[in-house]
Structures are given as structure tokens and as C-alpha cells.
> 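Quick one: the structure is below, questions incoming.
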There are 2 protein chains.
Amino acid sequence: MSIGQAAQRSGCTVATVRHYEDEGLLKAIGRAPNGRRVYGWPDIHRLRFVRRCRDLGFSVDDVRSLLGATDAPSPDCLAVRDMAVAHMKRLRVMRAEIDALEQSLSSLANTCNEACAIGRSPACTIVEDLGATASG
Amino acid sequence: MSIGQAAQRSGCTVATVRHYEDEGLLKAIGRAPNGRRVYGWPDIHRLRFVRRCRDLGFSVDDVRSLLGATDAPSPDCLAVRDMAVAHMKRLRVMRAEIDALEQSLSSLANTCNEACAIGRSPACTIVEDLGATASG
DNA sequence: GTGCATCCTCAGGTAACATGAGGATCAAGC
DNA sequence: GCTTGATCCTCATGTTACCTGAGGATGCAC
């Protein structure tokens, strides 16, 4: 298969496929006599694996580790699970941060909504509030 | 004030303060005869404003706009509010994505937890599941 | 005057690709 | 056989918001 087909079948862009190769995530990719890359189904599966892991939010470095765990003669599924669990922790932290940001923004917006309900009011403190170094 | 003091009082690093200047977020910063930057309280307030907006998740470009709205003779608080509301939308999208990721990871981890409850089992499909191009 | 802290200006690194330049090759149609 | 458009190649640079370090000047304390 050409890189274009590989990209299509793996859900990557052509540039991304080349990038993953540069990053060493793929096993040696063959070359046709004309110099073009040639992909087989195992390569496609590997690309899909990488793509899916990235979609799940794992970093390329994480994916490298995940591939290491799955490349072993008998895949180390416990290691994979642990990375999944670790990633869930990060996600929970991110969500907490997002929730806090939304809170702050919401109260900021409300400041203005109340003060400027009728029209723009000089009593609106949204700008000052934005500058105030509060908890957050 | 020196850049070090300005950094400390605004909650930025020295490098960040220089960076914001490069980005044009600060008004002309004075220089001492020895070439060092000199900051006044208005500069500190501005830095704090920028820092707080960044902490709230606005991009530097957003901050530029926010500064534009607040620099006006009479600050355009409605514009500020609108940007806050727009940003809240983005945050909600991000949270939805995070929730979805957590779901997927959770079900992945459960796959392994169940199959490998006693010990590592060849029946565990976590690796295959990771490779499967599912909805997500 | 001897350190150590702080400052200066570049330049390059980070993450994960996207985009474009400049050029070769392929497949299809005439 | 030739043109045309799609695809491929490599290499370089852009993106975001800074961080880090090189190499050197200055300031302050003892």
C-alpha cells in the first residue's frame, strides 16, 4: 500500500504517518524501487493502534511505552491497564481545573450581566475583577 | 522596579515578563541608563491582568483582545463578558471530551481488571481493544 | 576586589504535528 | 508520446507559550 492508502486506512494524515515513522513508532517500513514507502496490513494495524492511543489522549511517549508493552512476546496487559489508570487520573485533574475555570468565568460574566443588564454601566467591575489576583 | 521584582509582584517568571513585552502586551517599558528595564505600578497591574487572563485559560491572542477592550477610554465590559462566555463554551467542549475519554479508558481498564483479576490472562483483550478503531 | 545575584540579548528547545518549497514519479486520457 | 493532475519524496519552517542556556555586562555585599 502507498502512504496515502495507509493514512486513509489508519485515520491519520500522510504527514502524521511520516511523523510517526520519524518518531520510531513504526517498525521498518519497506521501500519500493522508486523510493516510495510501502505498507502492509501489520503496519496499518500498528498505525491504528497509535492513532487510537493518541485519540485517547496518550502522549507520543506514552504510546511508545504502550507499544513496548504490546510488542512483547506475551503482551503485558497489566502495564497497559496501569497506564490507562494513570491517564484517567490526569484527566480527572484536568476536569477539576476546567470546572474551576468555568466557575471563575461564570462569576465574572455574571458580574457584568447584573451590572450591565439595562445597558453598559460604569458600575460594572468585570475588568477590575479580571485584574484582581484572586484565588485561582 | 527591576524585572525581577516585577515578575515577583505579578506572579510571572522573568522570562515570561520579557515574553509578554515581545508579544506587545505591555506598554512601552522604560529603561535605566544601564539598559535595564524599569517597571512602575501600572506595568505591574497590567502584568497581573495578563497573568490572570492566562490562568483563566485565555490565549495570548485573547489577552491581546481583552487588553484592547480594557484599554479603551471607557472599557468595553460587554466585549470582555462575551469573550468570557465564548471561553466557557470551549471549556464545556473540553470537559465533554475529557468525560468521553475517561469513559473509554475506564471500560478498557475494566476489561483487564475482569480478565486478569486472578492473574494475567491470555483472555484479556485490552490490547486488541486499544487497537480497535471504535467510536471515539 | 572578589563573589554571587541579577540583568542583557540572542538562539534553540518543547509537543505533535501542519504547511509549503522544490522536485520526482505515476496513472489516465488524447 | 505527451500533457495533466494526483501522489510521492525530502527538508525547512510555523504553530503555542513560554523555558533554558550561552556569553557577557552590571550591581551589591563583604
Side-chain angles (χ1 to χ4, degrees), chain A residues 1-26 28-40 43-44 46-67 83 87 90-91 94 97 101, chain B residues 1-26 28-40 43-44 46-67 83 87 90-91 94 97 101:
Chain A
M1 275 174 274
S2 70
I3 193 172
Q5 290 175 307
Q8 202 167 9
R9 290 181 179 170
S10 64
C12 303
T13 69
V14 168
T16 301
V17 174
R18 290 204 195 97
H19 180 63
Y20 289 161
E21 185 182 350
D22 288 346
E23 288 292 323
L25 298 182
L26 310 182
I29 298 298
R31 294 279 182 153
N34 57 14
R36 299 191 172 187
R37 292 173 178 82
V38 179
Y39 298 81
D43 300 318
I44 306 300
R46 200 175 178 86
L47 274 169
R48 279 186 185 160
F49 181 90
V50 173
R51 194 60 245 162
R52 177 120 166 84
C53 292
R54 291 286 303 119
D55 286 344
L56 284 170
F58 289 106
S59 70
V60 165
D61 245 36
D62 286 340
V63 178
R64 222 187 302 279
S65 301
L66 288 167
L67 284 170
M83 290 193 64
H87 190 44
R90 285 176 250 161
L91 290 178
M94 290 177 61
E97 286 171 355
L101 292 182
Chain B
M1 274 173 275
S2 70
I3 194 172
Q5 290 175 306
Q8 203 167 9
R9 290 182 180 169
S10 64
C12 304
T13 68
V14 168
T16 301
V17 174
R18 290 204 194 99
H19 179 62
Y20 289 160
E21 185 182 350
D22 287 348
E23 289 292 323
L25 298 181
L26 309 181
I29 298 297
R31 294 279 182 153
N34 57 14
R36 298 192 171 187
R37 293 173 178 83
V38 180
Y39 298 81
D43 301 318
I44 306 300
R46 200 175 178 85
L47 273 169
R48 279 186 186 160
F49 181 90
V50 174
R51 193 61 245 161
R52 174 118 167 86
C53 292
R54 292 285 304 119
D55 286 344
L56 283 170
F58 288 106
S59 71
V60 165
D61 243 37
D62 287 340
V63 179
R64 222 186 303 278
S65 302
L66 288 167
L67 284 171
M83 291 193 64
H87 190 44
R90 286 177 250 161
L91 289 178
M94 289 177 61
E97 287 171 355
L101 292 183

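Keep in mind that what you see is a predicted model, and the values were worked out from it rather than measured. Protein chains get the first letters and strands the later ones, always in sequence-line order, with residue 1 at the start of each.
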> Please state whether the phosphate of C:dC17, meaning OP1 or OP2, lies under 4.0 angstrom from any side-chain nitrogen or oxygen of A:Y20.
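Looking at the OP1 and OP2 atoms of C:dC17, one of them is under 4.0 Å from a side-chain N or O of A:Y20.
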
> Strictly below 4.0 Å, heavy-atom distances to any atom of DNA chain D: list the hits from residues 56-66 of chain B, or just say none.
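The stretch gives B:S59, B:V60 as the residues lying under 4.0 Å from the strand, ordered by number.
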
> Taking only Lys NZ, Arg NE, NH1 and NH2, and the carboxylate oxygens of Asp or Glu, determine whether B:D61 and B:R64 approach each other closer than 4.0 Å.
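Salt bridge between B:D61 and B:R64, a charged N being under 4.0 Å from a carboxylate O: yes.
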
> How long is the straight-line distance from CD of A:E97 back to CG of B:D55, given to the nearest 0.5 Å?
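Answer rounded to 0.5 Å: 10.5 Å.
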
> To the nearest angstrom, how far is B:R31 atom CZ from C:dC8 atom C1'?
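Computing the B:R31:CZ to C:dC8:C1' distance gives 8 Å.
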
> Is there a donor-acceptor pair closer than 3.5 Å between any side-chain N or O of A:H87 and the backbone N or O of A:L56?
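Between the backbone of A:L56 and the side chain of A:H87 there is a qualifying donor-acceptor contact (under 3.5 Å).
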
> Measure CG/B:L47 against P/D:dC18 and give the value in whole Å, please.
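Atom-to-atom, B:L47 to D:dC18, this comes out as 12 Å.
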
> Check the interface with nucleotides 10-12 of chain C: list each N/O to N/O pair with the protein under 3.5 Å, or write none.
none

> Mind calculating the distance between CD (A:E21) and C1' (C:dC17) to the nearest angstrom?
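The answer, rounded to whole Å, is 15 Å.
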
> Take atom CD of B:Q8 and atom P of C:dA5, then tell me their distance rounded to the nearest Å.
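Rounded to whole Å, this separation is 15 Å.
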
> Along nucleotides 19-30 of chain D, 5' to 3', which nucleotides get a B, which get an S, and which get a -, given that the test is a protein heavy-atom distance under 4.0 Å?
SB-----BS---

> Return no unless some side-chain N or O of A:R37 is found under 4.0 Å from OP1 or OP2 of D:dT7.
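For D:dT7, OP1/OP2 do not have a side-chain N/O of A:R37 under 4.0 Å.
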
> Would you say A:R46 and A:Y20 are linked by a side-chain donor-acceptor pair, where the criterion is simply a distance under 3.5 Å?
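Distance-only check fails for A:Y20 and A:R46.
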
> Has the side chain of A:R48 got a donor or acceptor atom that lies under 3.5 Å from a matching backbone atom of A:R9?
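Looks like yes, one N/O pair under 3.5 Å.
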
> Starting at CD1 of B:I29 and ending at C1' of C:dC8, how long is that distance when rounded to a whole Å?
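Answer to the nearest Å: 15 Å.
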
> When rounded to the nearest 0.5 angstrom, what distance separates SG in A:C12 from CZ in A:R51?
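Taking SG in A:C12 and CZ in A:R51, the distance rounds to 5.5 Å.
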
> When the distance from CD1 of A:I3 to C1' of D:dA6 is rounded to whole Å, what number comes out?
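After rounding, the gap between these two atoms is 15 Å.
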
